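Here the structure comes first, spelled out in structure tokens, and everything after it is commentary.
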There are 2 protein chains.
Amino acid sequence: MANYSATLDHTFQALADPTRRRVLERLVQGPASVSELAEPFDMALPSFLQHLKVLEQSALVRSEKVGRVRTFHVVPSEMKRATHWLSLQLDLWERRLDQLDSYLQQLALQENDHE
Amino acid sequence: MANYSATLDHTFQALADPTRRRVLERLVQGPASVSELAEPFDMALPSFLQHLKVLEQSALVRSEKVGRVRTFHVVPSEMKRATHWLSLQLDLWERRLDQLDSYLQQLALQENDHE
DNA sequence: TATATACTTAGGTATATGGCTAACTATTCT
DNA sequence: AGAATAGTTAGCCATATACCTAAGTATATA
């Protein structure tokens, strides 16, 4: 495993679950094993592992197994892509507001001319 | 309708679908009616309407109906919240790397002392 | 070598999601 | 009034998601 084509779909899907977001919040503080990650959650281990799988398939995290311990760590690139998409939309939205604003101001000026 | 308690769950869930992201990309350019929004999509109208419903319930957009036309527009606050969460995680991740870095540098210095 | 630890796999269930068609309502145009 | 337009509601279906228990594998520890 290592060849995932992660998409914004998968990224946002992975982020849509509170358990998975809490895991990420833990992992940005540093790597952790499956059982360390699972500990705060009142959930059967196989259910929890499902979440880790989703996170890894979305490429938000990666893991390696050494001995019997699997350690997870954050990979920032997909979070960056998601942030970028959102920032771009917010930016475009604000630009449009600015344009609208100056258009309305111009209109107001023309109105004054006619008085 | 107007009393939704939107959460990051709902926001990311809404963003996880390509149709809904394309709708948002359209709406940051300015408001649009249901049929304008639906036009680029090869999808039955009721299916498409479902997506608009998800977007509105996640509070990423809002709509008003005038006559027989319902017009949608972007509401930026939830996008900002999502961006904020992501940026915070990325920021925490980088801080941790920096700390690790200076720790390792210190370790290297101490090693030199012992030579 | 026996036991404990740390995951893993298999398989089952309930609900959610994303699509459809058909039929209906409310406005607007002729 | 009758027809067209714009959106809505109801109901069906297939697949995905999120949880579970039970049982299995591989690696350490006593």
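No hydrogens, no waters, no symmetry mates; every other heavy atom, side chains included, goes into these values. Chain identifiers are assigned alphabetically (A, B, ...) following the order of the sequence lines, protein sequences preceding nucleic acid strands; residue numbering begins at 1 within each chain. None of these values were measured; they are calculated from a predicted model.
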Taking OP1 and OP2 of [N], is either one under 4.0 Å from a side-chain nitrogen or oxygen of [X]?
X       : N      : answer
A:His51 : D:dC19 : yes
A:Arg68 : C:dT8  : no
A:Ser35 : C:dT5  : no
A:Lys65 : D:dA26 : no

With the side chain of [X] defined as its heavy atoms from C-beta on, choose the nearest nucleotide among [options].
X       : options               : result
A:Gln13 : D:dA4, D:dT17, C:dT21 : D:dT17
B:Arg20 : C:dC7, D:dT8, C:dG18  : C:dG18
B:Met43 : C:dA22, C:dG19, C:dC7 : C:dG19

Report the distance from atom CZ of B:Phe48 to atom C1' of C:dT17, rounded to the nearest whole Å.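 Distance, rounded to whole Å: 16 Å.
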Spacing of A:Glu64 atom CD relative to C:dC7 atom P, expressed in whole Å: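 Going from A:Glu64 (CD) to C:dC7 (P), I get 13 Å.
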Hey, is the main chain of B:Ala14 close enough, under 3.5 Å, to the side chain of B:Arg21 for a donor-acceptor pair?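 Answer holds: no.
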Relative to the 5' end of DNA chain D, which residue comes earlier, B:Ser33 or A:Thr19, by the nucleotide with the nearest heavy atom?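 In this pair, the answer is B:Ser33.
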State whether the number of non-hydrogen atoms from other residues, nucleotides or ligands found under 6.0 Å of A:Arg62 atom CZ is greater than 12.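 No, not enclosed.
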In Å, rounded to the nearest 0.5 Å, how long is the span from CG of B:Leu60 to NE2 of B:His73?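 Interatomic distance, B:Leu60 CG to B:His73 NE2, rounded to 0.5 Å: 12.5 Å.
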Can you label the angle between the A:Phe12 ring and the A:Trp85 ring as parallel, tilted or perpendicular, going by 30° and 60°?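 Aromatic pair A:Phe12/A:Trp85 classed perpendicular.
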